[in-house]
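A quick write-up on the structure given underneath.
Just so you know, ligand 1 is whichever comes first in the structure, and atom 1 is the first atom listed for that ligand. Numbers here are sequence positions counted from 1.
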Amino acid sequence: MAQKIIIDTDPGIDDAFAILFSALHPDLDLVALTTIFGNVTADIAARNAKVLSEMVDLDIPVAKGADRPLVMEPNPVSDYVHGEQGFGDLPAKQPKGSIDERSSAQLIVDLINESPGEIVLCPIGPFTNIALALELDPSIQEKTRLVMMGGGLDRGNVTPHAEANIWNDPHAADRVFAANWDMTMVGLDVTSDIVSPPSDFEALAKAAPVLGGFLNEAAKFYARFYMSHYNIEGCQMHDPAAMVAVLYPELFTIEETAISVVPDGELVGATLRSVDPNRRLVKACVGGQDQAIKDVFLNTIKTGH
Ligand code: BDR
Ligand code: CA
């Protein structure tokens, strides 16, 4: 049976990679999209997630989530990375259907309680909704597994110390790391080494003109960011790597460590190895088979399954 997942997301170009991959892969059963501010505003994230679900004819609930972090003032959205409307230079599209009436946190709690032990929760944006869901119903810690994109034991991207999803709400992220769940962190230690050059996206467009064509268009903006900021030719495949880790953990090298997040100051957003005996060990992905991880993503989009 396919693995049920909820993706909590701020789409976002690599979020779109992750969502379309999950919708197409036969071993994943995407049951809902819950959305969050981050790459774009909360309103744009909800709209874009609904549009993506309709592109693949998925009739699933899509909820709108928090529009700001738990404690601190919001950072500006990352429009220089993902474009003003979230998908590079592509213009905004309006979905046909409507957004679920529940908040992202409420939808997460409801779905996990309807299918305890059956859903993997996959946050690939800031962790505010997940912290709010824990507050609504702490029992979800025992009823779900978490595979998330964020953090880095030895790397940052928005600062030398901090990864964007953690940096956008470090207080929420720390609550998520402090909770008692089975958690896998797919962070920059592995994702920043998985780079798809423009030729990968051109091949997607050729093999799958509609979905691959859309991803190819969006990826052009993302690739320009990586070239101008890091002199890298291609896109770092952050969010799709987390989705691959749900199905193929054997492609990743794992270090087990407790983690805490620096809430403020110069190191704000850093994910640090912690020796706090009250914190459960996290499976932190510190490396992986970069080409094989990328191939799982590319082949799924190319073949539509
Ligand atoms: C993460 O931040 C966002 O910009 C991406 O969508 C990804 O989730 C990478 O640091
Ligand atoms: Ca994201």
Residues D169, R175: salt bridge by 4.0 Å N-O rule
no

Would you say the Ca ion (ligand 2) has D15 as a near neighbour, meaning an N/O/S atom of that residue under 3.0 Å away?
yes

Run the numbers on F221 and Y226 for ring-ring contact (aromatic ring centres under 6.0 Å, His included), then give the verdict.
CA-CA 9 Å; F221 189 97; Y226 283 108; over 10 Å; no

Between K302 and D295, is there a salt bridge with N-O shorter than 4.0 Å?
no

So do L153 and R273 actually touch side chain to side chain, heavy atoms under 4.5 Å?
yes

Could you pull out all donor-acceptor pairs under 3.5 Å where a side-chain atom in residues 83-98 meets a protein atom, sequence neighbours excluded?
residue: Q85; atom: OE1; partner: R47; partner atom: NH1; Å: 3.1
residue: Q85; atom: OE1; partner: R47; partner atom: NH2; Å: 3.0
residue: D89; atom: OD2; partner: R224; partner atom: NH2; Å: 2.8

Tell me, which N, O or S atom in D10 is closest to the Ca ion (ligand 2)?
OD1

Would you name the N/O/S atom of D239 that lies closest to the Ca ion (ligand 2)?
OD2

Between D100 and K50, does any side-chain N to carboxylate O distance fall below 4.0 Å?
no

Testing T35, T41, N39 one by one against D10 for a side chain to side chain donor-acceptor pair (under 3.5 Å), which residue passes?
N39

Using atom types as modelled and distance alone, determine if a side-chain donor or acceptor of S115 lies under 3.5 Å from a backbone N or O of E118.
no

Metal site the Ca ion (ligand 2): N/O/S of I124 inside 3.0 Å
yes

Measure from every N or O atom of ligand 1 to the protein's N or O atoms and keep only the pairs below 3.5 Å, writing each with atom names and distance to 0.1 Å.
residue: ligand 1; atom: 2 (O); partner: N165; partner atom: OD1; Å: 3.4
residue: ligand 1; atom: 4 (O); partner: N39; partner atom: OD1; Å: 2.8
residue: ligand 1; atom: 4 (O); partner: H82; partner atom: NE2; Å: 3.1
residue: ligand 1; atom: 6 (O); partner: D14; partner atom: OD1; Å: 2.5
residue: ligand 1; atom: 6 (O); partner: D14; partner atom: OD2; Å: 3.4
residue: ligand 1; atom: 6 (O); partner: D15; partner atom: OD1; Å: 2.9
residue: ligand 1; atom: 6 (O); partner: N39; partner atom: ND2; Å: 3.0
residue: ligand 1; atom: 6 (O); partner: D239; partner atom: OD2; Å: 3.1
residue: ligand 1; atom: 8 (O); partner: I124; partner atom: O; Å: 3.0
residue: ligand 1; atom: 8 (O); partner: N165; partner atom: ND2; Å: 3.0
residue: ligand 1; atom: 8 (O); partner: D239; partner atom: OD1; Å: 2.6
residue: ligand 1; atom: 8 (O); partner: D239; partner atom: OD2; Å: 3.1
residue: ligand 1; atom: 10 (O); partner: N157; partner atom: ND2; Å: 2.8
residue: ligand 1; atom: 10 (O); partner: E163; partner atom: OE2; Å: 2.4

